[in-house]
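Side chains included, hydrogens not; waters and symmetry mates left out as well; all remaining heavy atoms used. Order of the sequence lines fixes the chain letters, A, B, ..., with proteins taken first and strands second; residue numbering starts at 1 for each chain.
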Amino acid sequence: MSFNHNKIEEKWRNYWLNNKTFKSNSQTNKEKFYVLDMFPYPSGAGLHVGHPEGYTATDIISRMKRMQGYEVLHPMGWDAFGLPAEQYALDTGNDPEEFTKQNVNTFRRQIQELGFSYDWDREINTTDPSYYKWTQWIFLKLYEKGLAYIDEVPVNWCPALGTVLANEEVIDGKSERGGHPVVRKPMKQWMLKITAYADRLLDDLEELDWPESIKDMQRNWIGRSEGAEVQFEIADHEETFTVFTTRPDTLFGATYAVLAPEHPLVEKVTTPEQKEQVNQYIEKVTAKSDLERTDLAKEKTGVFTGAHAINPINGEKLPIWVADYVLMTYGSGAIMAVPAHDERDYEFAKKFDLKIVPVVEGGDVEKEAYTGDGKHINSDFLNGLNKEDGIRRAIDWLEENGKGEKKVTYRLRDWLFSRQRYWGEPIPIIHWEDGSMSAVSEDELPLELPKTTEIKPSGTGESPLANIDDWVNVVDPETGMNGRRETNTMPQWAGSCWYFLRFIDPDNDQKLADPEYLKKWLPIDVYIGGAEHAVLHLLYARFWHKFLYDIGVVPTKEPFQKLFNQGMILGENNEKMSKSKGNVVNPDDIVESHGADTLRLYEMFMGPLDASVAWSTNGLDGARRFLDRVWRLFITDDNQLSHKVVDSVTEDSLEKSYHETIKKVTENFEDLRFNTGISQMMVFINEAYKAEQISKDYAEGFVKILSPVAPHLAEELWEKLGHDESIAYEAWPAYDEAKLVENEVEIVIQVMGKVRAKMMVDKNASKEELEQQALENASIKERLEGKTVRKVIAVPGKLVNIVAN
RNA sequence: GCGGGUGUGGCGGAAUUGGCAGACGCGCUAGACUUAGGAUCUAGUGUUUUUAAACGUGGGGGUUCAAGUCCCUCCACCCGCACCA
């Protein structure tokens with residue numbers, strides 16, 4: 001008979017909640033372990049089967065660590081600000097707050113039904129004023145330190161959403177959410193100076209236990225590159241401009257210069273004859289969206305300005321061009337072009353028939369640009385030097401002559417922190433009528449988001465808050481001066497930049513969190529979530545954490561010591577699950593039909609945690625079948641403990657298998673290799689079915705190691721085994737290494753590397769003994785008939801290989 | 001183009017320091033129990049051909065007594081970045 005999952009799961013779910021079984025205590029002397037999930041955005045669609053994958057993984061770790069004697073912090077909360085709720089509210093006329101609340105309730109119910117061992121007393125919600133009070137507080141600290149500033153920048157304006165998007169929210173020229181077109185438009189925006197932390201964000205990656213691919217993506221995103229800044233004078237003009245180059249050694253090979261279309265000097269230096277052409281070009285380029293600009297960039301375009309720059313190293317006149325392959329946002333928005341040794345410059349020079357002068361030996365400039373190393377030529381005092389020495393010598397020359405200096409540039413830009421939306425944290429700043437600006441004082445936090453039914457975009461680019469007069473208008477009580485509140489709100493990333501800190505002390509109204517508790521719990525020992533947050537969330541959170549470290553709020557330089565990215569669960573047809581494809585699996589349905597334990601087990605057994613694997617209904621059935629097998633092994637049809645389970649067995653046939661299982665499962669879970677750990681549990685159950693008797697010790701040990709994966713079933717079995725306390729804090733079983741090796745081991749005998757026979761030998765048999773016994777083996781002897789044994793390799797405990805011909 | 005990763009049965013996937021390839025699960029086949037069932041139990045299941053053997057971890061080459069694992073080379077697919085000077 002199979003077990004009734006609905007009944008059992010409900011029973012234990014309520015038991016855990018009512019008893020607060022998983023409440024963590026910040027004041028114990030136990031060693032701590034902080035296991036964190038990336039908290040979800042509570043969408044209207046409810047939980048996706050992808051969510052429980054990571055959540056089960058962290059839950060297994062949490063449950064195992066508790067049983068191993070750790071004090072475990074395993075919390076859950078809601079990243080509930082954001083565009084979808086606002087869009088929904090706009091579409092339906094509902095209140096985003098109300099909508100969010102409903103979604104959170106659904107998510108909570110679904111998550112609780114899966115039996116995750118969260119401490120629900122620590123539940124947090126980023127839209128809760130008592131939470132975003134501290135998000136705003138951190139913003140004020142950033143502002144105080146000059147790390148939050150207003151800048152007029154060309155931003156990604158999305159007319160359909162009525163808001164500005166960060167670069168990373170724009171995919172292929174369209175909004176990440178919704179896929180609406182995006183254009184560039186200059187606007188005043190709040191920026192966070194993440195670039196001030198670029199080097200530390202880069203360097204400190206070294207000490208983190210993260211997947212190398214994620215570290216690489218962050219390195220790539222930060223994009224540190226070393227080189228030099230070089231000053232160029234302009235013939236017949238007062239102005240000079242600066243270029244950034246990683247190859248100052250090729251300065252003698254510079255044959256023209258390029259300014260980005262947005263470069264302020266373009267207008268000034270363009271000659272009257274070229275004016276018309278240049279203006280037309282710039283008009284064309286700025287009208288292009290980012291998408292078109294990169295797309296059409298396959299073919300280089302540009303226009304000569306008529307002006308000439310002076311190469312500082314040899315006084316040569318270089319034509320100055322405007323071209324959109326040079327980006328205003330990187331370096332100084334201007335380059336010196338060395339077509340002989342840069343592929344982009346080469347392509348451009350070929351197209352517009354510009355001079356190409358090789359300065360490094362090794363390539364053939366008739367065919368292509370040569371970017372490799374080699375002896376310098378045509379380069380005066382650099383001649384004969386290699387690339388590395390050439391660069392050093394060139395920088396020395398620039399610095400000695402006041403023409404430039406060594407310089408490090410980053411691809412990382414400052415973080416565009418404003419959103420013209422309603423459903424976000426208000427930025428606590430007031431703009432006064434005299435043009436000054438001041439921060440809302442700390443004791444006035446939280447600056448609450450006003451209730452309103454008018455959340456349509458104002459249309460002007462300002463957020464809907466601009467239309468709420470009694471909120472937006474303020475009067476200074478002392479001076480009587482009129483002011484206007486900042487109407488921009490924070491982006492969705494803000495709340496998730498520090499939520500892991502609030503879990504540590506969620507109800508503190510004096511501080512973001514108690515320093516003692518922060519010291520106890522940080523850093524996070526394991527953080528699991530999807531790879532889609534590889535750069536943005538993880539980089540922003542690291543940035544805020546480092547800042548909080550600098551101002552003495554947190555005790556660690558990095559928040560997430562170990563990071564792991566779970567893979568995706570694909571639809572049964574191997575495609576990404578989506579409503580339109582009709583391949584979505586709803587966790588509620590599975591919990592109802594197969595049970596939460598089955599879903600947990602199945603998702604962990606599908607494959608490695610980081611792999612993307614297609615859902616399989618048959619596989620799910622198989623997972624349930626295993627749990628049924630476990631149940632039937634221990635429990636009879638009339639719901640009693642099986643007679644197979646005895647206090648002391650007459651023959652301990654399971655000894656080796658049991659110890660092997662405990663060892664493997666413990667190690668595999670530790671390494672997040674749940675699929676192999678589960679397969680070992682299956683092996684044990686298969687063995688146990690064959691055994692006449694099962695000792696109660698083994699039965700209990702097995703139920704314990706099963707409990708992190710299938711906690712409801714394990715609690716029920718634990719009770720049947722005669723216990724009246726939860727299994728959650730029972731000691732994790734130990735294994736005996738000595739029991740893993742039997743006295744007799746099977747040794748393989750190979751001839752010429754091919755297995756020809758097997759023999760049982762004493763586990764301590766020496767090389768010589770192995771060799772001798774192998775050569776005496778009857779079938780081997782037969783095989784060696786007429787051959788000469790050249791060599792015998794014996795590996796104790798493994799094999800003997802005989803080389804003969 | 002650059003960076004990272006992955007290629008193993010019909011399918012998902014296992015495989016310490018190089019040491020019996022295919023654990024475990026799914027599927028399939030046969031048998032048992034059955035008012036013959038989408039239940040359970042037992043056995044089998046990489047491929048080719050008869051036992052025995054040969055061939056087998058994307059392709060090719062190499063190192064080694066021994067290679068899924070190490071080296072070289074090529075190919076395919078996935079993820080990220082994409083004119084970053």
Q.
Going by the rule salt bridge (Lys or Arg N to Asp or Glu O under 4.0 Å), which residues pair with A:E692 if we only count those two or more places apart in sequence or in a different chain?
A. none
Q. Within the structure shown, what part of the strands sits under 4.0 Å from A:E212 by heavy-atom distance: base, sugar-phosphate, or nothing?
A. nothing
(Q) Here's a test of your reading of the structure: between A:V683 and A:M752, which maps to the more 5' nucleotide of RNA chain B? (A) A:V683
Q.
Please report the distance separating the P of B:G60 from the corresponding atom of B:C75, rounded so that it comes out in whole Å.
A. 15 Å
(Q) Categorize A:V748 for me: base, sugar-phosphate, or nothing, with a 4.0 angstrom heavy-atom threshold over every strand shown. (A) base
Q. B:G27 and B:C11: how far apart are their C1' atoms, nearest whole angstrom?
A. 7 Å
I'd like a table of atom pairs between the protein and nucleotides 26-31 of chain B - only N or O on both sides, under 3.5 Å - with the distance next to each one.
from, atom 1, to, atom 2, distance (Å)
B:C26, OP1, A:R625, NE, 3.2
B:C26, OP1, A:R625, NH2, 3.0
B:G27, OP2, A:R625, NH2, 3.3

Q. How would you label the contact of A:R624 with the nucleic acid (heavy atoms, under 4.0 Å): base, sugar-phosphate, or nothing?
A. nothing
Below 3.5 Å between N/O atoms, which protein atoms pair up with nucleotides 42-51 of chain B? Just atom names and distances, please.
none

Q.
Measuring only the P atom in each nucleotide, how far is B:U48 from B:A67? A whole number of Å is fine.
A. 25 Å
Q: Give the stems involving RNA chain B, where a stem is 3 or more consecutive Watson-Crick or G-U wobble pairs (i with j, i+1 with j-1, and so on) under 3.5 Å.
A: B:1-7 with B:75-81, B:10-12 with B:24-26, B:27-32 with B:40-45, B:46-48 with B:53-55, B:58-62 with B:70-74
Q | Stepwise salt bridge (Lys or Arg N to Asp or Glu O under 4.0 Å) test for A:E229 and A:K406 | A | CA-CA 6 Å; A:E229 243 176 21; A:K406 194 178 165 128; over 6 Å; no
Q: Write down the distance separating the C1' atoms in B:U64 and B:G12, rounded off to the nearest Å.
A: 34 Å
Q.
Suppose you measure atom P in B:G10 against the same atom in B:C20; what distance do you get, rounded to whole Å?
A. 23 Å
Q: With sequence neighbours excluded, tell me which residues meet side-chain hydrogen bond (donor to acceptor under 3.5 Å, both in side chains) with A:E226.
A: A:R224
(Q) From C-beta outward on A:V795, which listed nucleotide comes closest to its side chain: B:A85, B:G25, B:G19? (A) B:G19
Q. Got a sec, which residues hit side-chain hydrogen bond (donor to acceptor under 3.5 Å, both in side chains) with A:K387, two or more places apart in sequence or on another chain?
A. none
Would you tabulate the pairs of protein nitrogen or oxygen atoms and nucleotide nitrogen or oxygen atoms of nucleotides 10-17 of chain B closer than 3.5 angstrom?
from, atom 1, to, atom 2, distance (Å)
B:G12, O2', A:M606, O, 2.5
B:G13, O3', A:N675, ND2, 3.4
B:A14, OP1, A:N675, ND2, 3.1
B:A15, OP1, A:R673, NH2, 2.2
B:U17, O4, A:K798, NZ, 2.8

Q) How would you list, by chain and number, every residue that makes a salt bridge (Lys or Arg N to Asp or Glu O under 4.0 Å) with A:R790, sequence neighbours excluded? A) none
Q: Could you pull out all residues at least two apart from A:D342 that satisfy side-chain hydrogen bond (donor to acceptor under 3.5 Å, both in side chains)?
A: A:R344
Q | Closest listed nucleotide, where the reference is the side chain of A:V803 and the choices are B:C65, B:G4, B:A85 | A | B:C65
Q.
Counting the atoms with a prime plus P, OP1 and OP2 as sugar-phosphate, which does A:S225 contact under 4.0 Å by heavy atoms, base, sugar-phosphate, or nothing?
A. sugar-phosphate
Q: Please name all residues satisfying salt bridge (Lys or Arg N to Asp or Glu O under 4.0 Å) with A:R219, sequence neighbours left out, ordered by chain then number.
A: A:E206, A:E212, A:D216
Q: Taking atom C1' in both B:C24 and B:G18, compute the distance separating them and give it to the nearest angstrom.
A: 24 Å
Q. So, do A:V338 and A:F252 sit near enough that their side-chain heavy atoms are less than 4.5 Å apart?
A. no
For nucleotides 69-72 of chain B, list the nitrogen or oxygen atoms of the protein found under 3.5 Å from its nitrogen or oxygen atoms, one pair per line.
none

Q) In terms of side-chain heavy atoms of A:R756, which of B:C24, B:G4, B:A54 is nearest? A) B:A54
Q) Does any pair with a residue in residues 660-680 of chain A pass ring pair (Phe, Tyr, Trp, His ring centres under 6.0 Å), and if so which ones, sequence neighbours excluded? A) A:F669-A:F674
